[in-house]
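As structure tokens, the structure follows; a few thoughts come after it.
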Amino acid sequence: MPQTNLPSLTIVSPCYNEEPMLPTSAPVLQNILERLMLSHQVADDSKILFVDDGSQDQTWTLICELQHHNPIFTGLQFSRNYGQEAALMAGMQTAYRHADLIITIDADLQDDPALIPAMVTQAKRGNDIVYGVRNDRSTDSWFKRTTANGFYWTMRRLGVNLVPNHSDFRLLTKRVVTALMQCHEDKPFLRGIIPQLGFPATKLYYKRQPRQAGVSKYPLRQMIRFALDGILSFSIAPIRAVLYAGMTICGGAFLMLIWIMVQHFRGAVITGWSSIMASLWFLGGFQLIAISIIGEYVGRTFTEVKHRPRYIIQTDTYSATFQSRTTALNVHQHTMS
Ligand code: UDP
Ligand code: MG
């Protein structure tokens, strides 16, 4: 069967301190990809690309060992920890130069990798985006479920079109990733940006499993930061809310002024300590919140205009694989001529 018409698939998986998980998840992904290659669903140069997001454990050593035993595995190593979104962006940015289809999946395989062949089928049917969507969050804690629902509700109210219960398990075709790479944001909120790109899309449902080894890298503090990134990078609604609140308070202050003048002319000018204190504290607090919200946007503009790199890649064994092949091919062609 000629390979030329088969799409080349790269599975991108971000890894941060995944030493306990990789020995389990790597063979699972390998198995799935090899079956796809054997059944001529994807091209023989399809790869698994682990992005080591500055792990402090032996993750990178493991990735190198995997590649040593089987060139289906490749890796990117960051110079330090840049975060999951940066790892996903780096993986996609490196992969889309060679791959036609890119699937991103967490290294702990909490999202069902058995869905990967169905995703490829959907892509062949003309879908440029295939979202993996959880239809059952029973394995998540009550707290995680409730906060996640609250987050989707807030984002919907702010007019941001998110796919509920979809995390970063998705397939994208080359043209979607090409469009995505035109978004030069410092902190790209992928779950919000990708639905905004358009393109034919579909959803596939699965049950999310509990993490089998290692620990979650999203404690409460990280979750709050992630939610704030989502809201602040997509909406100026908080600034507008401050404006409306400010206008309401000014209205209240105007009524207050009338009342003060009435009191003044009536000769009852000794105002109470409690009302002064209440307005002092309330307005002081409100002003601090308002300034900090505006400051948050100014801060983001500040980081954005600096145009610092989103991540720094220390080692790239993925591109090297393709380069060595191209070089070998060139040498071959050279000797043939
Ligand atoms: N991850 C990463 N960089 C980070 C934090 C997490 O690359 O700074 C990766 C992590 O290795 C995993 C994925 O992102 O593959 C999701 O993280 P995790 O499983 O800890 O999140 P949870 O499933 O608990 O939300
Ligand atoms: Mg996880």
Side-chain angles (χ1 to χ4, degrees), residues 10-26 28-29 48-63 66 73-95 102-113 115-116 132-134 136-152 162-170 186-191 206-230 310-315 318:
T10 294
I11 301 175
V12 172
S13 188
C15 307
Y16 180 52
N17 293 341
E18 295 291 358
E19 184 186 339
M21 205 51 231
L22 268 183
T24 323
S25 46
V28 175
L29 291 176
I48 295 163
L49 172 57
F50 290 118
V51 185
D52 175 17
D53 184 12
S55 303
Q56 284 100 35
D57 62 2
Q58 294 301 306
T59 299
W60 181 247
T61 317
L62 280 179
I63 295 171
L66 285 166
F73 294 109
T74 55
L76 281 186
Q77 185 188 26
F78 276 179
S79 59
R80 64 168 171 84
N81 179 246
Y82 281 94
Q84 185 189 0
E85 300 268 300
L88 288 169
M89 281 304 275
M92 290 190 283
Q93 189 153 26
T94 309
I102 295 177
I103 292 179
T104 51
I105 185 165
D106 288 355
D108 55 13
L109 300 191
Q110 282 188 269
D111 307 301
D112 191 1
L115 219 63
I116 290 177
V133 179
R134 286 171 251 178
D136 178 359
R137 292 190 76 123
S138 57
T139 54
D140 280 354
S141 66
W142 174 87
F143 181 75
K144 195 148 185 164
R145 259 198 324 265
T146 317
T147 46
N149 284 338
F151 177 63
Y152 293 125
L162 289 188
V163 178
N165 296 326
H166 159 69
S167 50
D168 287 303
F169 181 33
R170 64 178 87 85
D186 181 48
K187 278 189 185 151
F189 184 66
L190 291 172
R191 293 174 207 190
Y206 66 97
K207 183 172 188 270
R208 189 166 157 95
Q209 303 298 325
R211 187 182 252 278
Q212 295 191 343
V215 287
S216 168
K217 282 56 175 206
Y218 283 93
L220 182 62
R221 198 163 49 93
Q222 289 283 22
M223 270 163 59
I224 294 175
R225 190 180 297 171
F226 182 75
L228 275 180
D229 275 349
R310 276 194 286 232
Y311 48 80
I312 294 172
I313 296 173
Q314 189 172 307
T315 323
Y318 177 88

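These values consider heavy atoms only, across backbone and side chains, with no hydrogens, waters or symmetry-generated copies. All ligand and atom numbering here is 1-based and tracks the order in the structure.
- Distances under 2.8 Å from the Mg ion (ligand 2) pick out the protein N/O/S atoms Asp108 OD2, Gln110 OE1.
- Listed by first then second residue, pairs satisfying salt bridge (charged side-chain N to carboxylate O under 4.0 Å, His left out) with a partner in residues 84-95 number zero, not counting sequence neighbours.
- The closest side-chain heavy-atom distance from Ser167 to Arg208 is below 4.5 Å.
- Looking at Ile63 and Phe73, their side chains never come closer than 4.5 Å, going by heavy atoms from C-beta outward.
- Side-chain polar atoms of Gln84 and Asp106 form a donor-acceptor pair below 3.5 angstrom.
- For the side-chain hydrogen bond (donor to acceptor under 3.5 Å, both in side chains) test, residues two or more places apart in sequence or in another chain that qualify with Gln58 are Thr61.
- For a heavy-atom separation below 4.0 Å, the residues in contact with ligand 1 are Pro14, Cys15, Tyr16, Glu18, Asp53, Asn81, Gly83, Gln84, Asp106, Ala107, Asp108, Gln110, Lys144, Arg208, Arg211, Ser216, Lys217, Tyr218.
- Across all non-hydrogen atoms, the minimal contact from Leu115 to Gly132 is CD2-CA, 4.5 Å.
- The minimum heavy-atom distance linking Leu190 with Met92 is given by the pair CD1-CE, 4.0 Å.
- Remark: Asp112 CG to Lys207 NZ distance equals 10.5 Å, nearest 0.5 Å.
- When side chains are defined from C-beta on, Leu29 counts as touching Phe50, because their heavy atoms get closer than 4.5 Å.
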